[in-house]
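What follows is a short report on a single structure.
Nothing fancy with the numbering, it's 1 onward along the sequence. FYI, side chains are in, hydrogens and waters are out, and symmetry mates aren't considered; it's all heavy atoms of this structure. Just so you know, ligand 1 is whichever comes first in the structure, and atom 1 is the first atom listed for that ligand.
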Amino acid sequence: MSTENTANLKKTVPQAEDFLPILGTDYVELYVGNAKQAAFYYQQAWGFQPVAYSGLESGSKDRVSYVLQQGKIRLVLTSPLQPGGEINAHIDKHGDGVKVVALWVEDARKSYEETTKRGAKSYFEPKEVRDENGHVVLSGIHTYGETVHVFVERKNYTGPFMPGYNEYKPHFQVKDVGLKYIDHMVGNVGWNEMNKWCEFYAKVMGFAQMVSFDDKDISTEYTALMSKVMSNGNGRIKFPINEPAEGKKKSQIEEYIDFYNGAGVQHIAVATDNIIETVTALRDRGVEFLYVPEAYYDDVLDRVGEIDEDLEPLKKLGVLIDRDDEGYLLQIFTKPVLDRPTMFFEIIQRKGAQSFGKGNFKALFEAIEREQNLRGTL
Ligand code: FE2
């Protein structure tokens, strides 16, 4: 990210009107075809720990959910138990994908009121759910595509996750891989829709724009996209929004929109304090990452200056490096983790830098183009 963009970040974020104080991401829920096997994958390959379960045994007749956690990252994997209904329709249209980006708030009723009065479309009205561990207040609004935000107020709850969920303690246990929290979550939206959704986050949720990248920043010889990063007042929630841009060949965002059948979550960036250890563990367990040519490392230190890490292990793993005027960051991207070329993960380690790796965009998008080419979708 350029100095100009970083300056912009400092200037704009404190101006975000905080009528919607958000404590953090509460959970991310994916609707998937087979939650039992998806849960196994996220445990075995990603080192998520079992937390809670909802299904026939806990009185849920129509759906099953597995709740997994690593650091502050909570994943909920949900599948339908019956034909028909909204979960099947979601999977039919989008394949497996993120349905809910849940936000942890002090007051879920007020969050609903403040956002709906500013134009948010209701997903569901505030409701209180309780069991012997207390109560949780939930409310929900729609965002891009069929994705929703659920506001979660859990200050009066002590159970493993939420009423309706039992503790989930399989005999199968894995070691975590050092993932700490969600750094940012990126949405892909259709042609000319980026500004509309950035305005939604500004007006309806009180977010401010941190940075923007146009197709000159994010293009290769063949493909392009545009992106703006929206952040809430305390900076804990960062939602970059991408839209496709014209290029000689098909933008990766367009490929996503084609296969997801609309707007949706493109990637979840998860933070680690030691990217070499985390990525080594993930690779050993079978997670596949995008590959950058070795030539990337020939002059990378000329570009980013001195770093604490040895270059050799970063090169071996394919970790990318970028610097802004506050520090540097290390990042790497997985291949799509679903059958359709839609959602993927980013692993990020920040060493001061608050930006998003602009200096890596070209190398990264060329790597994505190589994958698109293999899929015949470039
Ligand atoms: Fe990212």
Side-chain angles (χ1 to χ4, degrees), residues 1-2 5-6 9 25 28 46 71 73 97-98 101 144 147 179-189 194 197-198 201 207 209-215 217-220 223-232 235-245 251-253 255-256 260 263-272 275 278-279 282 287-290 292 304 317-324 326-338 341-369 371:
M1 187 165 73
S2 70
N5 280 332
T6 311
L9 173 160
T25 308
V28 177
W46 286 83
I73 311 160
V98 172
V101 178
Y144 49 76
T147 317
L179 300 177
K180 302 285 184 194
Y181 58 89
I182 293 178
D183 186 274
H184 59 276
M185 277 186 82
V186 181
N188 280 347
V189 300
M194 176 182 68
W197 287 106
C198 289
Y201 280 105
F207 284 31
Q209 188 182 315
M210 286 174 73
V211 272
S212 108
F213 306 104
D214 64 18
D215 45 350
D217 295 318
I218 316 184
S219 66
T220 65
T223 67
L225 64 87
M226 296 197 281
S227 186
K228 282 184 180 173
V229 182
M230 303 303 291
S231 170
N232 80 319
R236 287 186 201 175
I237 309 291
K238 292 187 275 291
F239 291 148
I241 307 285
N242 297 332
E243 73 172 36
S251 170
Q252 51 166 299
I253 310 304
E255 185 201 32
Y256 175 101
Y260 199 72
V265 171
Q266 179 213 36
H267 75 265
I268 305 175
V270 287
T272 171
I275 201 164
T278 296
V279 174
L282 289 170
V287 175
E288 294 185 311
F289 291 90
L290 285 180
V292 284
V304 303
L317 297 168
V319 172
L320 308 173
I321 314 157
D322 197 26
R323 183 180 288 277
D324 61 29
E326 294 177 281
Y328 69 96
L329 62 83
L330 304 161
Q331 64 185 166
I332 190 169
F333 297 81
T334 70
K335 293 184 180 179
V337 293
L338 309 168
T342 51
M343 194 189 84
F344 57 90
F345 284 87
E346 170 182 353
I347 317 296
I348 184 165
Q349 182 180 3
R350 293 188 181 279
K351 310 274 295 246
Q354 294 304 310
S355 49
F356 296 86
K358 182 181 169 182
N360 291 322
F361 287 170
K362 192 157 185 287
L364 174 63
F365 296 138
E366 284 170 353
I368 293 175
E369 282 168 10
E371 299 292 318

Exam field: side chain Ser231 to backbone Lys238, donor-acceptor pair closer than 3.5 Å: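 Flag not set: sc Ser231 to bb Lys238 has no pair under 3.5 Å.
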
Does Asn360 offer a backbone N or O that forms a donor-acceptor pair with the side chain of Asp322 under 3.5 Å?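 The answer is no, because no donor-acceptor pair under 3.5 Å joins these two groups.
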
Looking at Phe356, is Arg350 sitting on its ring face, NZ or CZ under 6.0 Å from the six-membered ring centre and within 45 degrees of the normal?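 So Arg350 does make the cation-pi contact.
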
So what's near the Fe ion (ligand 1), protein N, O or S atoms under 2.8 Å?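 Result, waters dropped: His184 NE2, His267 NE2, Glu346 OE1.
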
Angle between ring planes, Phe344 versus Phe333, binned at 30° and 60°: parallel, tilted or perpendicular?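 Rings of Phe344 and Phe333: perpendicular, over 60°.
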
Please enumerate all residues that pass side-chain hydrogen bond (donor to acceptor under 3.5 Å, both in side chains) together with Thr220, with sequence neighbours excluded.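 side-chain hydrogen bond (donor to acceptor under 3.5 Å, both in side chains) check on Thr220 returns Glu369.
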
Asn188 side, atom CG; Ile253 side, atom CD1 - distance, nearest 0.5 Å: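 Result: 4.0 Å between the selected atoms.
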
